[in-house]
Structure formats: structure tokens, C-alpha cells
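Have a look at the structure below, then the notes.
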2 protein chains.
Amino acid sequence: MTESLRRQVTLDEVAERAGVSRSAASRVINNAPHVSRAKRAAVERAVSDLGYVPNANARALASQQAGAVVLAISSENPRAFADPFFAEVVVGISSVLEETDHELMLMMATSARGQARLGQVLRTRQAAGVMLMSMHGDDPLARLAEQADVPVVFGGVPATFEPRYYVDADNRGGARLATEHLVTCGRTRIGTITGRMDEGAGLARYRGYQDALAVAGLDATRVIHGDFSEDGGADAMRELLTAHPDVDGVFIASDQMAIGALRVLQEAGITVPTDVALVGFNDISTARHTTPPLTTISQPIQPLGREMARMLLAVLAGERPSPLILPTRLTKRESTGTSTNPT
Amino acid sequence: MTESLRRQVTLDEVAERAGVSRSAASRVINNAPHVSRAKRAAVERAVSDLGYVPNANARALASQQAGAVVLAISSENPRAFADPFFAEVVVGISSVLEETDHELMLMMATSARGQARLGQVLRTRQAAGVMLMSMHGDDPLARLAEQADVPVVFGGVPATFEPRYYVDADNRGGARLATEHLVTCGRTRIGTITGRMDEGAGLARYRGYQDALAVAGLDATRVIHGDFSEDGGADAMRELLTAHPDVDGVFIASDQMAIGALRVLQEAGITVPTDVALVGFNDISTARHTTPPLTTISQPIQPLGREMARMLLAVLAGERPSPLILPTRLTKRESTGTSTNPT
DNA sequence: CTGAAAGCGCTAACAC
DNA sequence: GTGTTAGCGCTTTCAG
């Protein structure tokens, strides 16, 4: 690391300095076999003397395989990536990638243009693999990735098909946990505000609600479909109150919606949790600060990102990892009754 | 886009199909001059027939300049990127980049390894430029970027030096606004909980507090230094209460700290805003949902990202844009008194 | 305006 | 074990 921090140092220079052929140098760099200890050492010295750094572009071009992987987020809404959820996922991914020689490219495949570019990046082998998140319905991205003939790992399961490789949180189990908790609290007229039914998570959470009530032998028809957003949650709660005024507990498929619902309940003079108990999903940071604080299902978001990255790495290495479902857990707070006052 | 979605289509193939030389084809692709209309059209047809997509690696190698730009986040804490703030910035950046042919690489220059890799990426011209965020003290990253001899745009101003190109929010002005609001509300014993003083934002917000009180002719010595975190805010508020029990208004340099402070105040039986009025900074999403909701300074976060990207693009294009300071504004909520009950 | 030729820095057969 | 030889797909002089 002594000389020239600005200029490119080439392999040839290293080879010359070390007094070996370029192939030998190359072999050392990629620690391939068939190099004598002496040469190996010489090359290594030259590398550190010169501060050699391989040129990733040349390497990718020659070997037809890139070092970068891409994280693509698909959504008709460009703001989707502003969701703190993704920030966490990215942290998880980066923490794994940082240990390897893979760079992370971020692509918001929002517009047609964005999608085209993703296809282009994949097709020209600028990226070795893709992690795909947040697709609803039959997302064109999925197809695009398949065509590109590049390893794809999904974060979350699309609503319409089960990918070969994916990591997901146990949405169904979590929803079941949430609903069971409501049952445990003594609620008997339990409704739900679902997420979008064209997303895997929305569907799974709805199923979990049904599971729990089936087991408890309770009616599972107090259902309003929402869209995961705060305002959507408010609207849905109004509908729910109208359609089923007797509801005494609600499982809400996202904390954002739960916050909207909370507002509506307050405005209607309905007390949480005394009159109606609430459970959300996601454990966003705001959930701790609402009044009352929100009981919710916590997801291991950063691990989700980590495992996505690990899985992609595994596929890249020629393995065939199995899909992974990460556990979710109940985080009790006051919106379902305090511990000192269990209903 | 008819044939072969999987295979690389090369420029030569396009040239052959169009019945022109490779150079001609290349010129058309890069819409350079010196090509007859006829040839141009032929090439364009061939391109779309074949679904040609230039290979970015080859291009970068040959031209010695990459298409990708990197967003590097520096922090001793890998979780820093989990901050929703960054997610917003990234959205802003992406929205601009999506219109261009630049890819976005994300690098968390957390570990020494991460920093080394960043240097490597820059040095081997895998990236055309860098956007750097969140540095405190004399961040090694800044130096690294300079050495690499690649355009660098800073997001926020480091505490120790003023970079050539940067975009920042008007932290000082915002802090002043916040403090002035406290004055307007009739508070006279106004304290502050600052952020980290080795970050530009922490410093600037403290100065803004001083500015406002100097103008108002009020005492500006009720100062406790915090660290931007929720727990840090709680600790700081305890200290402040001990050191200056007479305080009746506090400007707190981040909403996270303000939330911690709010908790301490509540526990101490001090009513907000009646006894003590509070103003935070950032307008994080939780600020709307605390009890009482938090008056705070809103920053244009997404625009910040957008402008960073635009500035980098400008530099890349050979321009010399001036640094940019984005305005901040006061968002009034109940923590400084309701509008129906202005103190 | 146009095309030929010479690389960019590296990998990968292939002979030795 | 080792070095030589071709390229990877593109840009870029440089003559025509």
C-alpha cells in the first residue's frame, strides 16, 4: 500500500515486480493451485508493495461473472422503499455481504424504465444474482429474473406462486399467535383488518387469523380488507365498527393500520383495550409510543435480510438451500390489557 | 426485444445485422456524430430487433469510466443505516438515478474491511462517484474519497471541514426556528439537549439555539449534551432537570431524544406542555403519535437525497455546482401548546 | 462521414 | 508447476 493510490496497478506490473508470469500472479490472486510456495510469496509481496487491487470490470468481463448482487424492490409506489422495514433488511444484507467480495446494487424497479434496467443489468452479467422483495400479484419482476437465468432469492413469498428460493417471516404463525392472544384475553367477538390480499403476507396473516379462531371455535367472519396503510386502517376500522358493532378484539395485519384504527376508536369514544383489544403486526418503532402502546407481532427483519444474502451466496456457490421461514413472536403491550390487569 | 433474452447480444452482431462496421454501430449507440441518417436508422432497427443491451463491464473497462455511483454510509455503528432517515435519502437518490443510466451501489463503510473495499471500488473505477453520509469527527472515509480522485458529494457537513460539494439541511436555521417558537410561546427559561458535538448537525443545531436566545436576550446556558439516541435523551433530560429545575422549555436536537425526554418528564410528573414545552428535530414518523404529539423541525429528507444525486451528476458532467442548503420548517403540535390554547 | 486496428485488465485453455 | 495464447465486449485513436 505504499505507492500510487490513484493509479490503477495492473496484474502485469505485479507479475513483473514479482518476477513471474502473469498467469502465475493471477493464480495467486485467485488462490488457485499449481503455484510454488516461493512464487506465491513473491507475488503476495509484490501485491502489497504495489497496492494492487484487481479491476472488477475486467475480471467480470473475462470470467463472465460479476461480483455484484442486486437487491430489487418492486412496487408501483416508489416510496415503498422508504419503509423502515427495508432499511432494516438492507442492514442485514449488507452485514453479510461485507464479509464477502460482493457489492450490493440497489434497484427500485418501479417504473417500466427501472424494470428494463434491471433486466439489462442481469442480462449483461453485471450482477451475479438478485434478491427480490415486495411483490404483489403477478409481479413482472419475477418473470424477468427467471428469464435472466440468474439466481434469484425472494424475500417474502409472492401471493401467486412459490419460488424455488426464498426467506420469509412466519406470517401465518404470527397472525395465529396474535389472534390466539386475543382469545386468551377473553375476547370472543374477534375481527380482523387484513392487508392487501394480493400480497403473500396479507394472505398468510389472514389465514393465521382463521386458524386461531377455528381452533378456538369462534366466529371468523368479522373481516374487513385493508391495504396496510394508516389511512386504510382507519377506513377499515370504521367499516368494521359499522358492520360488526359488537367486536371486542381486532387483529390488524400491520401496525400502520393499527395506528389508524386506534385513532378511529378514540374518536368514537371506544376505549382500548377495555372495550376493544388490538393486536398489530410488524412491531414498528412507533408501536411502543402510541396510546396505549400496541401489542404486536415482532418480525426478525434484520435476520431476514441476513438470511436472504446467505441463501443467495449459497446458491451462487452451487448449493441448493431450502426455503427458510423465520419465526415471529408476540410482543405484549397495553393495547390488549396490561399484565397487572389481565382481562 | 424479440430474440434471445438470455444470451448476450454483442455490438458486432448488431453491426452485422445492420450491415455497418462496429465503429458505426458504436457511434450510434453512444449517439456520437459522424453517422449518416441511413446507417443510424439501420443500427437502431438492428438494436431493437436483436434486443441489444450494451455490456456495462466491457464499456467501463474500455472507457475507463463506470456507470455506477456509490452511496457510502459511515458510522462505527452498522445499525446506523437502519435509521429511517437513510431509507428516505435512498429513495430520493434512486428517484433521480432511475432517470439516468447510473446504477446505485450501497456500501456500509463500517468495518476496516468495508472501508478498504470502498477504496478498492473507487480506485478501480467501478464507480464514477460517491455520495458520502453521516460522518463524525475526522472520518477516514472523507480522506479515502479524496485520494481516490473521484467526485464526492457529501450529505450533511462534517464537523471538521467544509467539503467542496455538499447538500445539507438548514440545521442551524431549523434549530433557531424551534427555539424562537419556544420564545413565542412565552417561555423564558429555555434549555437544550444537544446532539453529538462531533457531528456537523449536532453543532449546527446547538448554534441555532444560541442564535435564537441571543436575539431574544435570554439566557442560553441551560445546556446538556446528548447523543441523538432515545436513552441518551432520557438521561440528558434527567440531568437538565437536576441542573436547571426552573426550565420551562427545551429544544431537543432530535425526536428520538425528545421521546426519551418526554418519558422522563412524565415519570417526574411534569406536564408537557403546561410545565415544560418541548420541540424536537427531524419529524420522524413517531413524532405524530407521542403523547402529546411532538412539535418538531421537518427536514426535506427525500429532496436531500435527490439533490445529492443531482449534484453528483452535475459534477460528473463537468460542472461545478455550489453547495446547497435545504430549508427546514417548524411543524407545530401539542408539545408546545395547542393552537386553541396558545400559552 | 467511415472502418481498421489496437487495446482496457483480466481469465482460461492449452501446451510445455 | 509454469508460461503462452487467445479472447471477454466495448471504446478510441487514426488513417482513409
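In what follows, chains carry the letters A, B, and so on, assigned in the order in which the sequence lines appear, proteins first and then strands, with residues in each chain numbered from 1.
Between atom CD of residue B/E162 and atom CG of residue B/D168 there is a gap of 10.0 Å, rounded to the nearest 0.5 Å. Rounding to the nearest 0.5 Å places CZ of B/F86 at 5.0 Å from CE of B/M133. Of the inter-residue distances, the one linking B/S94 atom OG with B/E103 atom CD reads 12.0 Å to the nearest 0.5 angstrom. Atom CD of B/Q302 is separated from atom CD1 of B/I93 by 10.5 Å, given to the nearest 0.5 angstrom. A distance of 12.0 Å separates CE in B/M131 from CE in B/M311, rounded to the nearest 0.5 Å. Atom CZ of A/R40 sits about 15.5 Å away from atom CZ of A/R45, to the nearest 0.5 Å.
Between the P atom of C/dC8 and the CG atom of B/L11 lies a distance of 19 Å, rounded to the nearest Å. The separation between B/E16 atom CD and C/dG3 atom P is 14 Å, rounded to whole Å. At whole-Å resolution of the value, CG in A/L61 and P in C/dT11 are 11 Å apart. Atom CG of B/D12 is separated from atom P of C/dA4 by 12 Å (rounded to the nearest Å). Rounded to an integer number of Å, the gap from A/E13 CD to C/dC8 P is 11 Å.
Taking the six-membered ring wherever Trp is involved, the centroid distance between the rings of B/F154 and B/F161 falls below 6.0 Å.
Residue B/S23 is classed as a base contact, given a heavy-atom separation below 4.0 Å to a base.
When the nearest nucleotides of DNA chain D are assigned to B/S63 and A/G19 by heavy-atom distance, the more 5′-ward of the two goes with A/G19.
Where DNA chain D meets chain B (any atom under 4.0 Å from a heavy atom), the bounding nucleotides read 5' to 3' are D/dG9 to D/dT12.
The pair A/E16-A/R22 fails the salt-bridge criterion, with no side-chain N (NZ, NE, NH1 or NH2) lying under 4.0 Å from an Asp/Glu carboxylate O.
The stretch residues 82-99 of chain B participates, sequence neighbours left out, in these salt bridge (Lys or Arg N to Asp or Glu O under 4.0 Å) pairs: A/R79-B/E88.
The side chain of B/S21 places an N or O atom within less than 4.0 Å of a non-bridging phosphate oxygen (OP1 or OP2) of C/dG3.
Applying a 4.0 Å cut-off to non-hydrogen atoms, the residues of residues 26-38 of chain B that approach DNA chain D are B/S26, B/N30, listed by residue number.
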